[in-house]
**Student:** 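Structure in structure tokens, see below.
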Amino acid sequence: MKKHGKLKKIVLAYSGGLDTTAAIPWLIERTGAEVVAMGVDVGQPEDLDAAVEKAFAAGASKAFFIDARDEFASGYVFPAIKANALYEGEYPLVSSLSRPLIAGKLAETAVAEGADAVAHGCTGKGNDQVRFETTLAALAPRLEVLAPARHWGFSRDETLKFSQQHGIPVEWETPPYSIDENLWGRAIECCALEDAWAEPMEDAFLLTADPFHAPDDSCTICLEFEKGLPVKIDGMPMGPQQIIRAVGKIAGKHGFGRIDMIENRTVGIKSREVYECPAALALIRAHKALESMVLTKAVSHLKAQIDTAWANMAYGGQWHTPLRKALDAFIGATQEQVTGTVRMRFYKGSMAVTGRKSPYSLYDEGIATYGAGDSFDHAAADGFLKILTMETRTLALKAEALGKGDGGSCDEVAHVAEQAS
Ligand code: ARG
């Protein structure tokens with residue numbers, strides 16, 4: 001890292017964890033600048049007053065947390081529900097969604113404090129540095145960005161040693177995992193979990209019960225959505241934070257919401273990730289269930305692709321880009337009719353959708369039924385199939401006329417015909 005002799009004031013994105021605390025004396029020693037520690041409350045369970053004290057003990061000139069829980073819930077998590085956002089089909093973007101918000105607050109604080117640089121505690125191997133720095137580039141393109149953990153090259157033990165040498169109490173740094181938690185769930189990394197074959201120990205989980213020990217009675221709830229967003233549980237209206245927490249509590253109690261996956265990081269590393277995201281997985285599944293009832297086939301199929309693009313966009317830290325605006329515009333247009341109720345049952349690690357209804361439902365029981373009262377015009381299917389199969393029939397007849405198969409399809413037909421005779 002180059003010398004930053006001219007810097008007077010640095011605002012550091014502070015979590016209260018080991019790395020960002022060690023970053024305080026490290027930055028002061030390296031630059032001689034004053035360090036302001038700014039944290040953001042996105043619903044993490046940590047004692048934030050104690051974190052502020054730690055920052056002061058480590059040498060910060062100012063330390064505070066900004067309460068952004070409402071903004072996180074409505075501005076970041078709710079759009080993710082509309083987008084059914086699961087990176088690689090599994091990870092509901094717990095950390096990914098919070099970083100553009102935190103980096104945005106960092107940029108705002110730097111302006112308010114008249115700082116000439118900002119810093120974050122991300123390492124060079126992770127995704128979070130990408131999310132921080134792309135957001136900062138978009139919102140504060142002239143601001144100098146320092147990434148001490150990317151440059152100091154400390155192992156965890158060395159960071160502990162460095163911290164101790166600088167009078168930072170490290171007793172609180174005993175948990176065996178690296179955790180990142182917010183309103184949307186909990187990411188658990190490091191230590192024993194780095195062995196991709198090792199089963200996670202029960203002590204890794206805090207939000208979800210071990211399904212084996214979950215209650216013997218199931219729990220059924222009705223979740224109401226309005227324009228793609230959850231608004232009521234069993235008829236009770238709730239705000240964004242409250243509904244996320246309530247669904248998370250119920251699902252977690254029944255052992256639903258654990259994820260164990262190998263994830264492709266932006267930098268090209270595969271990492272073993274363990275998450276517990278009871279609220280996220282339940283809400284996204286319910287939202288999808290309602291969408292399946294009200295969206296047309298074409299919109300539904302294209303939206304699945306747009307949803308994947310949205311998850312990749314959020315994972316890759318492209319929050320403040322024209323891409324997100326364009327994806328949100330498509331998704332927004334699809335949510336007008338996503339209003340209705342989904343019934344879901346939790347039981348020993350599972351969640352099942354057991355019913356759905358909507359004033360905009362395109363499901364017509366009279367057409368779908370195999371029973372009495374069927375209103376489907378079966379005769380119309382004759383003509384429909386004549387036209388639908390025309391191309392396939394033409395191909396088969398042509399192959400027959402040429403006296404040979406055209407590769408795959410005719411050989412396959414011959415094989416099937418032989419088996420069927
Ligand atoms: N792999 C996840 C992501 O990139 C979780 C990262 C958790 N971050 C952390 N600093 N522990 O979004």
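When a ligand or atom number is given, it counts from 1 through the structure's own listing order. Just the heavy atoms: all of them, side chains too, but no hydrogens, waters or symmetry mates, feed the values below.
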**Student:** Identify, by atom number and element, the atoms of ligand 1 in contact range of Ser178, meaning under 4.0 Å from any of its heavy atoms.
**Tutor:** 11 (N)

**Student:** Taking only heavy atoms of Arg131, which atoms of ligand 1 are found under 4.0 Å from at least one of them?
**Tutor:**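 Near Arg131, meaning under 4.0 Å from one of its heavy atoms, ligand 1 has 3 (C), 4 (O), 12 (O).
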
**Student:** Is it the side chain, the backbone, both or neither of Glu189 that has a heavy atom closer than 4.0 Å to ligand 1?
**Tutor:** side chain

**Student:** For Lys232, is there an ion pair with Glu226 - N to carboxylate O distance below 4.0 angstrom?
**Tutor:**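 Answer for the salt bridge query: no.
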
**Student:** Considering non-hydrogen atoms of the protein only, which is the closest contact for atom 6 (C) of ligand 1, and what is the distance?
**Tutor:**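 The closest heavy atom on the protein side is Ser95 OG, 3.5 Å.
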
**Student:** Does the side chain of Val118 reach to within under 4.5 Å of the side chain of Phe132, using non-hydrogen atoms?
**Tutor:** no

**Student:** Go through ligand 1 atom by atom and flag the ones less than 4.0 Å from a non-hydrogen atom of Asp128.
**Tutor:** 8 (N), 9 (C), 10 (N)

**Student:** Mark up the atoms of ligand 1 that fall under 4.0 Å of a heavy atom belonging to Asn127, in ascending order.
**Tutor:** 3 (C), 4 (O)

**Student:** Is the NZ or CZ atom of Arg258 positioned over Phe205's six-membered ring, under 6.0 angstrom from the centre and within 45° of the axis?
**Tutor:** yes

**Student:** Check each atom of ligand 1 against the heavy atoms of Glu263 and keep those under 4.0 Å away; list them by number with element.
**Tutor:**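 Reading through ligand 1 atom by atom, the close ones are 1 (N), 2 (C), 3 (C), 4 (O).
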
**Student:** Using a 6.0 Å cut-off, check whether atom NZ of Lys348 has over 12 heavy atoms from anything other than its own residue.
**Tutor:** yes

**Student:** Which atoms from ligand 1 have a heavy atom of Tyr91 less than 4.0 Å away?
**Tutor:**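 So the atoms of ligand 1 that pass are 2 (C), 3 (C), 5 (C), 12 (O).
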
**Student:** Can you tell which part of Tyr275 has a heavy atom less than 4.0 Å from ligand 1: side chain, backbone, both or neither?
**Tutor:** side chain

**Student:** With a 6.0 Å cut-off (strictly less than), is the heavy-atom count around CZ of Phe384, excluding the residue itself, greater than 12?
**Tutor:**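 Counting neighbours around CZ of Phe384, 12 or fewer heavy atoms of other residues, nucleotides or ligands fall under 6.0 Å, so no.
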
**Student:** Go through ligand 1 atom by atom and flag the ones less than 4.0 Å from a non-hydrogen atom of Ser96.
**Tutor:** 12 (O)

**Student:** Would you mind telling me which of Tyr87, Phe330, Trp319 makes a ring-ring contact (aromatic ring centres under 6.0 Å, His included) with Trp310?
**Tutor:**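 With Trp310 as partner, Tyr87, Phe330, Trp319 yield a single ring-ring contact (aromatic ring centres under 6.0 Å, His included), made by Trp319.
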
**Student:** Within the structure provided, determine whether Tyr363 and Arg356 are in side-chain contact (heavy-atom separation under 4.5 Å).
**Tutor:** no

**Student:** Would you say Tyr87 contacts ligand 1, with heavy atoms under 4.0 Å as the rule?
**Tutor:** no

**Student:** Got more than 12 heavy atoms from elsewhere within 6.0 Å of NZ, Lys82?
**Tutor:**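 Not more than 12 within 6.0 Å, no.
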
